[in-house]
> 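To start, I am sharing the structure in question, which I have written as structure tokens.
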Amino acid sequence: MFLKRFGIYFKYLYPVRYQFAIGLLAGLIYAASSGFGLPLVIKYLVPLMTADDKPTGWALAAILFSIPGVFFLRAMGNFVNAYFIAYTGMHVLEQLRLMVFERIQALPIAFFHKNKVGDLMSRVLGDTGQLQSAIVKVVDSLIKEPATLIAATCYLVYLSTIEQDISFILIALASVPACVLPIKAVGKIILRKAGKAQKQAGELNHVLNENLSAIREIRAYNLEEREAARFSTACRDLLEKSLKVVKYDKVLTPIIELVTSIAIVFALYLAVKKDIDEGALASILAALYMCYQPVKKLGGVSNTIRNAEASLDRLEHILHTEDSVPDAANPAPFDNIKGNIAFDQVSFRYNDEEGPVLNGVSVDIAAGQAIALVGPSGAGKTTFVNLVPRFYDAVEGNIYIDGINVRDIAKADLRAHMALVSQEALLFSDSIANNIRIGKADATLEEVKQAAKLANAHEFIEALDHGYDTEVGERGSRLSGGQRQRISIARAFLKNAPIIILDEPTSALDAESEHNIQAALEELSKGRTVLIIAHRFSTIQHADSIFVFDNGQVIAKGHHKELYPTNELYRSLYDKQAKTVHETES
Ligand code: ADP
């Protein structure tokens, strides 16, 4: 069971194989001294102590010190084994954690619609944590205990050959299956309960994560009590589910102790009947104890393993998720890109149950053109632009860049030729310079400044206390929306990609920011292919062409002058825009 489930991870032991070998050896020393050494010492010690001519002086000391001697070996073996096996276990776990994280980086956006952020965090941190504590708990038992069981059985065999009676071994061996049955039954229940508990831990994480990302909304709508109730329900559920795991985990040891105590009674009875000497009797009791101790511990370990299995299942869910946007097997060469983009009968839906979000879209965008995408909310504009960098793949039809199907281009190559400026410019908690450098990792400070100048960001950055070294705070919270936007435009300048995808902010910016951003964007558009999800009147007017989206289709294309008189939807959208602009200005 254990080997089948965890065996595939044994290859990760390779980098720590020497430490593993030391741990293994120490475990064997522990087992031999506990299971064999101790009963043996007892067997010869007790008769000496009860004999008529008892040893005295140095002889007595030497005999007595054989006990701490055996315990010393046992203790050393115990410690070295536990430490080195935990050492190797944690190294394997670290590799697993990294693997899961790297996998998350590679998975397509669609994966994140199906898996909540809180739950993913719980998997990467919580479930690996569960595995880690399981490793620490399990590893020192995994080698030591079975080996002790074998050593103690060996002692009983040895004793049987001297005493010429095999009944002692039979007693020891007969009670082992009686212990294994409850271990197996309880293990199955635990696997199920632990899976449920960990899932609930993910749910709790999700509630917390959602709460922490919406602190302002919660204050504004007085949702504190509702949130506390939601959190409390999730906590209570987790408590109940965790307690069930504890219950089954703890029931096993008492059962095994009962079974073994009965076996010990049988052994005593036999010993009295056979009339063996007290040394042998005491050593049998010691050996039996050393036999049952491992069975008991392995019972506990089996539960911990079941617990860990539930966590491993949840991690493997991430590792084994298929990439719905697979990278090209033989990527086409992709350089000197001009930036022509063509959609050929492209349809897309987010999931099979719902209707298409894009429906047979065919457009051809010449290199260097700036295209404004307009249309009512939900018409499919965002989806349209997300298909170009392959955040999703078209369900039907194809998309070409300079005549090459995007599916034949290595994803990293494809995305290296695009710059994305999103509505909510997201900054990392780092300095401003490094935030701009995301566009080009090895850019010099001069290049960064040049890009910031082009993005009309240089002046406000210089005016900050630490200039380009200013830390922006989590998610850029210390900067205004317009400033964040300009930093992300500077990124795009630095990246110098032939294709720009831009989601214009809907929220109103102050007039100066608005003007600065507009000017920066015009500069950025020069000589590049630009797709803008446009909300602003001025952007729409400046575009080379306008695509009007409705219900997943491009219902009209052309210049403002052509569209305004001929397309009703466009006219109404445009008039609404013009009206709001007029109202905010007056
Ligand atoms: P627009 O940008 O024009 O407002 P979108 O492309 O964002 O439109 O959305 C088009 C349609 O797809 C909408 O009906 C929206 O509800 C749906 N949609 C967007 N994202 C998802 C998603 N992750 N899962 C399911 N449906 C989605």
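Below, all heavy atoms of this structure are taken into account, side chains as well, without hydrogens, waters or symmetry copies.
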> Less than 4.0 angstrom from a charged side-chain N to a carboxylate O is my criterion; do Glu94 and Arg97 meet it?
no
> Do other residues, nucleotides or ligands put more than 12 heavy atoms under 6.0 Å from the CG atom of Asn351?
yes
> Taking atom CG as the centre, does Asn330 end up with more than 12 heavy-atom neighbours from other residues, nucleotides or ligands that are less than 6.0 angstrom away?
no
> How long is the gap from CG on Leu204 to CG on Asn209, to the nearest 0.5 Å?
11.0 Å
> Between OG of Ser480 and CZ of Arg486, what distance do you get to the nearest 0.5 Å?
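Reported value, rounded in 0.5 Å steps: 6.5 Å.
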> Above 12 or not: heavy atoms from other molecules or residues under 6.0 Å from CZ of Phe112?
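Counting other residues, nucleotides and ligands, CZ of Phe112 exceeds 12 neighbours.
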> Measure from the side-chain N and O atoms of Ser347 to the backbone N and O of Gly360, and report whether any donor-acceptor pair falls under 3.5 Å.
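Yes.
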> Can you tell me if Lys440 has over 12 outside heavy atoms packed within less than 6.0 Å of its NZ?
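Buried by this count: over 12 neighbours within 6.0 Å.
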> So, taking the atom named CG in Asp352 and the one named CZ in Arg349, what distance separates them when rounded to the nearest 0.5 Å?
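These two atoms lie 6.0 Å from each other.
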> Under 6.0 Å from the NZ atom of Lys241, do we count more than 12 heavy atoms belonging to anything else shown?
yes
> Tell me whether Ser362 contacts the main-chain N or O of Gln345 through its side chain, where contact means a donor paired with an acceptor under 3.5 Å.
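Flag set: sc Ser362 to bb Gln345 pair under 3.5 Å.
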> Is the shortest side-chain heavy-atom distance between Leu414 and Lys411 below 4.5 Å?
no
> Okay, side chain of Arg415, backbone of Ala410: is any donor-acceptor separation there less than 3.5 Å?
no
> Check whether any side-chain N or O of Gln423 sits under 3.5 Å from a backbone N or O of Glu504 as a donor-acceptor pair, and report yes or no.
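Yes.
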> Salt bridge check: are Asp119 and Arg123 linked by an N-O gap of less than 4.0 Å?
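Here Asp119 pairs with Arg123 in a salt bridge, since their nearest N and O are under 4.0 Å apart.
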> What's the spacing between Ile337 CD1 and Asp335 CG if we round to 0.5 Å?
6.5 Å
> Would you say that Gln198 contacts Asp127 through its side chain, given a criterion of any heavy-atom pair below 4.5 Å between the two side chains?
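Gln198 vs Asp127: side chains touch.
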> Grab the two heavy atoms, one from Leu427 and one from Arg484, that are nearest each other, plus how far apart they are.
CD1-CG, 3.9 Å
> Decide salt bridge (Lys or Arg N to Asp or Glu O under 4.0 Å) for Glu203 and Lys116; before the verdict, give the C-alpha distance in whole Å, the side-chain angles of both, and the deciding distance to 0.1 Å.
CA-CA 9 Å; Glu203 179 61 30; Lys116 300 174 203 155; 3.6 Å; yes
> Taking Lys557 first and then Glu562, would you say they form a salt bridge - that is, a charged N and a carboxylate O separated by under 4.0 Å?
no
> Suppose the criterion is ring pair (Phe, Tyr, Trp, His ring centres under 6.0 Å): which pairs have a residue in residues 348-374, not counting sequence neighbours?
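Residue pairs with at least one partner in residues 348-374: Phe348-Tyr350, Phe348-Tyr392, Tyr350-Tyr392.
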> Can you run down the ring pair (Phe, Tyr, Trp, His ring centres under 6.0 Å) pairs that involve residues 321-345, sequence neighbours left out, and say none if there aren't any?
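Listed by first then second residue: Phe334-His417, Phe343-Phe384.
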> Pro108 and Asp323: which non-hydrogen atoms are nearest, and at how many Å?
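Taking every non-hydrogen atom into account, CD-OD1, 3.2 Å.
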> To the nearest 0.5 Å, what is the distance between CD1 on Ile365 and CD1 on Ile401?
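Interatomic distance, Ile365 CD1 to Ile401 CD1, rounded to 0.5 Å: 9.5 Å.
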> List the atom of Gly375, the atom of Lys381, and the distance in Å for their closest heavy-atom pair.
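Minimum heavy-atom separation between Gly375 and Lys381: O-NZ, 2.9 Å.
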> Donor-acceptor check, side chain of Asp544 to backbone of Ala370, threshold 3.5 angstrom: yes or no?
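A pair under 3.5 Å: yes.
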> Closest heavy-atom contact between Asp364 and Ala342?
OD1-CB, 3.9 Å
> Hey, is the main chain of Pro565 close enough, under 3.5 Å, to the side chain of Arg571 for a donor-acceptor pair?
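Answer holds: yes.
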> Give me the one residue out of Leu524, Ile436, Leu494 that meets side-chain contact (heavy atoms from CB on, under 4.5 Å) with Ile489.
Leu524
> Sequence neighbours excluded, which residues qualify as side chain to side chain donor-acceptor pair (under 3.5 Å) partners of His559?
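Applying side chain to side chain donor-acceptor pair (under 3.5 Å) to His559 gives none.
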> Indicate yes or no: at least one non-hydrogen side-chain atom of Ile432 is less than 4.5 angstrom from one of Val472.
yes
> How close do Gly482 and Ile517 get, heavy atom to heavy atom, and via which atoms?
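Heavy-atom minimum between the residues: O-CD1, 3.9 Å.
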> Among side-chain atoms of Tyr400 and Asp408, is any donor-acceptor pair under 3.5 angstrom?
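There is no such pair between these side chains.
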> In Å, rounded to the nearest 0.5 Å, how long is the span from CD1 of Ile109 to NZ of Lys114?
12.5 Å
> So, Asn435 side chain and Phe428 main chain: donor-acceptor pair closer than 3.5 Å or not?
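Flag set: sc Asn435 to bb Phe428 pair under 3.5 Å.
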> Mind checking whether Phe460 and Ile487 have side chains closer than 4.5 Å, heavy atoms only?
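In short, these two side chains touch, coming nearer than 4.5 Å.
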> Any side-chain to backbone donor/acceptor pair from Arg528 onto Ala497? Under 3.5 Å, distance only.
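Such a contact is found between Arg528 side chain and Ala497 backbone.
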> Looking at Glu459, I want to see if its CD is surrounded by more than 12 non-hydrogen atoms of other residues, nucleotides or ligands under 6.0 Å.
no
> Flag yes if more than 12 heavy atoms outside His466 fall under 6.0 Å of its NE2 atom; otherwise flag no.
no
> Judged by atom type as modelled, is there a donor-acceptor pair below 3.5 Å linking the side chain of Asp402 to the main-chain atoms of Lys338?
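Yes: the side chain of Asp402 pairs with the backbone of Lys338.
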> Between Ile409 and Asp327, what is the shortest heavy-atom contact and its length?
O-OD1, 4.0 Å
> Ring centres under 6.0 Å, that's the criterion: do Tyr12 and His91 meet it?
no
